[in-house]
Every structure is written in structure tokens, then in C-alpha cells.
Participant: 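Below are the C-alpha cells for one structure; questions will follow.
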Amino acid sequence: MPELVFFSGTMDCGKSTLALQIEHNRSARGLAGMIFTRDDRAGEGKLSSRLGLVTDAVEVEDGQDVYAFLVDHLSRGGRADYVIADEAQFLAPEQIDQLARIVDDLGLDVFAFGITTDFRSKLFPGSQRLVELADRIEVLQVEALCWCGARATHNARTIDGEMVVEGAQVVVGDVNQSAGQVGYEVLCRRHHRRRMTAATARAAALSPDVLPVPTSGTP
């Protein structure tokens with residue numbers, strides 16, 4: 001039976017790499033896929049991995065009906081045996097409904113990839129709808145690690161290494177950004193709660209301990 005499968009995980013855990021692997025495996029068996037993406041780090045209309053792999057994709061626009069787009073593609077003689085939707089957290093809830101309709105009405109597997117929560121630990125609307133509708137949810141087993149070595153479970157937005165907790169929900173960036181740019185870092189829950197990134201932890205470690213100095217006349 002065709003399924004809507006949601007592959008979730010933090011940034012830097014290999015979601016896009018897995019999406020490209022699924023595309024490779026199925027295309028090697030003579031199948032043709034329709035790939036959707038939104039706001040990929042490599043630019044418009046691209047599905048890319050941090051390992052350097054990249055392929056062309058359909059950039060989903062605001063208000064676009066992805067079900068109607070696929071039906072139009074098929075009606076023009078195009079082929080699609082399955083669908084991949086990367087960066088699915090950036091899709092609107094109604095577009096997630098359209099992915100589910102592709103499964104139910106067209107009988108195609110849909111593989112959606114995305115992070116679940118934003119830099120404030122709040123659900124992305126698209127991810128929330130996927131949790132509500134998916135036939136199956138797979139948490140990726142390639143675990144990203146916090147700077148402390150614990151399993152990273154939260155995405156932090158940073159500027160100059162400092163964690164920020166205000167701003168628009170969607171700001172495109174990546175890990176290891178240069179100074180002054182919006183970047184992201186994966187943290188364990190404890191250090192996300194404490195807003196302690198690798199940079200701030202390093203700065204704290206380099207700061208000399210301040211010992212109490214007795215005031216005059218104090219033994």
C-alpha cells in the first residue's frame with residue numbers, strides 16, 4: 001500500500017542525504033520520481049546534501065497546489081512513480097494535505113523530509129500537519145551531536161555564535177556560517193534551555209574564575 005512517510009530529525013542528521021539515496025535507488029530500478037523542495041541551502045529548485053550531492057527539484061511556491069501540479073504533469077504525458085518532498089517543514093499545512101491526497105488518490109508513495117521544531121522549540125506548521133497525517137514517522141538514526149557530546153535534539157539559531165530566540169520562524173541559513181551571518185547549531189535540550197552554544201561555552205571556559213576578595217577589616 002502506498003504511504004505518506006515523514007522522515008524527521010534535527011539539522012545535520014542526514015535527511016537530505018537519505019532523500020537523495022532513495023532517489024538514486026529507485027531511479028536505478030527504472031522508476032521516475034517527482035521531487036519537491038523549498039528553500040534549500042543550494043538555492044532555488046535544488047535538493048542538496050552537506051556531503052556535496054545535489055539534484056534538480058521543483059521549488060514549491062506560496063499557495064501552490066502540489067497535487068494539481070503533479071496531476072498536470074501526468075496529464076501532459078509525464079511520469080511519476082513516487083514523490084519526494086524535502087524541507088517539508090516549510091510547506092503550508094494545506095500543501096501537506098495535498099501530499100496526502102497524492103497517496104490516497106493517485107496511489108503513489110510520498111517521502112517527506114524535514115525538521116520538526118524551529119529554533120524556539122515550536123512545531124513548524126508543515127511538520128505538525130505531517131505528524132497528524134503521516135502513515136509512518138521515521139526518526140533518523142544518524143544522530144547529530146551537541147557540542148557537549150550528547151545527542152542533539154534541538155535546533156538553535158545563532159548570530160556570531162550567540163543563540164537568539166526571537167525573529168521570523170523561517171530564516172534560511174546553515175551550520176558553520178561565517179561571522180555576522182544567521183547560522184544554526186544543533187544542541188541537546190539542556191544546553192538549548194540554557195542558550196549555551198559551542199562558542200559561548202568556549203568563552204565561559206576561557207574566562208578566569210573570579211575569587212571573592214575580602215573587604216578591609218574582614219578576616
Side-chain angles (χ1 to χ4, degrees), residues 1-116 124-142 144 170 172 174-175:
M1 295 291 292
E3 290 184 306
L4 172 59
V5 186
F6 180 31
F7 294 92
S8 69
T10 61
M11 298 181 71
D12 211 18
C13 74
K15 296 182 301 300
S16 296
T17 301
L18 179 58
L20 287 161
Q21 185 67 53
I22 289 175
E23 163 66 12
H24 169 76
N25 289 351
R26 292 188 169 232
S27 63
R29 296 296 180 265
L31 301 176
M34 173 67 69
I35 303 175
F36 294 109
T37 191
R38 178 73 187 260
D39 294 332
D40 188 273
R41 69 184 72 85
E44 185 173 334
K46 298 294 181 183
L47 166 56
S48 68
S49 163
R50 290 186 180 86
L51 297 183
L53 304 173
V54 62
T55 192
D56 291 330
V58 176
E59 185 78 13
V60 178
E61 305 292 341
D62 289 338
Q64 181 177 2
D65 187 327
V66 294
Y67 175 83
F69 181 92
L70 182 57
V71 168
D72 182 66
H73 170 77
L74 296 172
S75 67
R76 294 173 181 269
R79 181 181 170 190
D81 300 305
Y82 59 94
V83 171
I84 290 173
D86 197 33
E87 306 293 356
Q89 72 274 5
F90 296 145
L91 300 182
E94 55 268 25
Q95 291 171 327
I96 303 301
D97 288 340
Q98 293 155 14
L99 292 179
R101 188 180 178 192
I102 289 172
V103 176
D104 297 339
D105 292 1
L106 302 181
L108 302 181
D109 284 316
V110 174
F111 307 102
F113 299 81
I115 58 179
T116 307
F124 281 100
S127 298
Q128 177 179 334
R129 193 63 178 142
L130 275 165
V131 170
E132 293 165 349
L133 290 183
D135 297 296
R136 183 159 46 96
I137 299 172
E138 299 283 351
V139 178
L140 296 198
Q141 298 303 307
V142 179
V170 178
V172 178
D174 203 356
V175 294

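All values below were derived from every heavy atom in this structure, side-chain atoms included, with hydrogens, water molecules and symmetry-related copies excluded. These numbers were taken from a predicted model, which means no experiment stands behind them.
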Participant: Please find the pair of heavy atoms, one from A134 and one from F6, that lie closest to each other, and give the distance.
Facilitator: CB-CB, 4.1 Å
Participant: Test side-chain contact (heavy atoms from CB on, under 4.5 Å) on F113 and I22; report intermediate values, then the result.
Facilitator: CA-CA 11 Å; F113 299 81; I22 289 175; 3.7 Å; yes
Participant: Can you check whether T37 reaches K46 side chain to side chain, under 4.5 Å on heavy atoms?
Facilitator: no
Participant: If I take atom CZ from residue F7 and atom CG from residue L18, how far apart are they, to the nearest 0.5 angstrom?
Facilitator: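 The distance works out to 5.5 Å.
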Participant: Which heavy atom in I96 sits nearest to a heavy atom in G126, and how many Å separate them?
Facilitator: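 Shortest heavy-atom contact: CG1-O, 3.6 Å.
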Participant: Is there a side-chain contact between V54 and L47 (heavy atoms, below 4.5 Å)?
Facilitator: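 Counting from C-beta outward, V54 and L47 never come under 4.5 Å.
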Participant: Nearest 0.5 Å, what's the CG-CG distance between L4 and L130?
Facilitator: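 Rounded to the nearest 0.5 Å, the CG-CG separation comes to 6.0 Å.
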Participant: For the atom pair CD (E61) and CD (E44), what is the distance rounded to the nearest 0.5 Å?
Facilitator: 6.0 Å
Participant: Does some side-chain heavy atom of S8 sit less than 4.5 Å from a side-chain heavy atom of I137?
Facilitator: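 Heavy-atom side-chain distance check passes, below 4.5 Å.
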Participant: Charged N to carboxylate O below 4.0 Å: is that the case for K15 and D86?
Facilitator: no
Participant: Between E87 (side chain) and G114 (backbone), is there a donor-acceptor pair under 3.5 Å?
Facilitator: no
Participant: Side-chain atoms of residues 67-76: list all donor-acceptor pairs with protein atoms under 3.5 Å, sequence neighbours left out, distances to 0.1 Å.
Facilitator:
{"from": "D72", "atom 1": "OD1", "to": "R76", "atom 2": "NE", "distance (Å)": "3.2"}
{"from": "D72", "atom 1": "OD2", "to": "R76", "atom 2": "NE", "distance (Å)": "2.9"}
{"from": "H73", "atom 1": "NE2", "to": "R79", "atom 2": "N", "distance (Å)": "3.2"}
{"from": "H73", "atom 1": "NE2", "to": "R79", "atom 2": "O", "distance (Å)": "3.1"}
{"from": "S75", "atom 1": "OG", "to": "V71", "atom 2": "O", "distance (Å)": "3.3"}
{"from": "S75", "atom 1": "OG", "to": "D72", "atom 2": "O", "distance (Å)": "2.8"}

Participant: Using 4.0 Å as the upper bound for N to carboxylate O, is an ion pair formed by D62 and R38?
Facilitator: yes
Participant: Are side-chain N/O atoms of Q128 and E132 paired as donor and acceptor at under 3.5 Å?
Facilitator: yes
Participant: Minimum heavy-atom separation for I84 to A19, with atom names?
Facilitator: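 Closest approach of I84 to A19, heavy atoms only: CD1-O, 3.5 Å.
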Participant: Nearest 0.5 Å, what's the CG-CD distance between D65 and Q98?
Facilitator: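 Output value for this atom pair is 4.0 Å.
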Participant: Checking side-chain contact (heavy atoms from CB on, under 4.5 Å) for the pair F111/V83: CA distance, chi angles, key distance, verdict?
Facilitator: CA-CA 6 Å; F111 307 102; V83 171; over 6 Å; no
Participant: Listed by chain and number, what are the side chain to side chain contact (heavy atoms under 4.5 Å, CB included) partners of R136, not counting sequence neighbours?
Facilitator: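 R136 satisfies side chain to side chain contact (heavy atoms under 4.5 Å, CB included) with E3, V5, E138 only.
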Participant: Between the main-chain N or O of F124 and the side-chain N or O of Q89, is there a donor-acceptor pair closer than 3.5 Å?
Facilitator: no
Participant: Would you say R26 and Y82 make side-chain contact, with heavy atoms under 4.5 Å?
Facilitator: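 Result yes, sub-4.5 Å side-chain heavy-atom pair found.
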Participant: Hey, what do you get for CG (D104) to CE (M1), rounding to the nearest 0.5 Å?
Facilitator: 8.5 Å
Participant: Are L91 and V60 packed together at the side-chain level, in the sense that at least one heavy-atom pair is separated by less than 4.5 angstrom?
Facilitator: yes
Participant: At their closest point, which heavy atom of A80 faces which heavy atom of M34, and how far apart are they?
Facilitator: CB-CB, 4.3 Å
Participant: Looking at CG of D109 and CG of L31, how far apart are the two atoms once the value is rounded to the nearest 0.5 Å?
Facilitator: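 Between atom CG of D109 and atom CG of L31 there are 10.0 Å.
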Participant: Does this structure show an ion pair linking D97 with R129, if we count only N-O contacts that are shorter than 4.0 Å?
Facilitator: yes
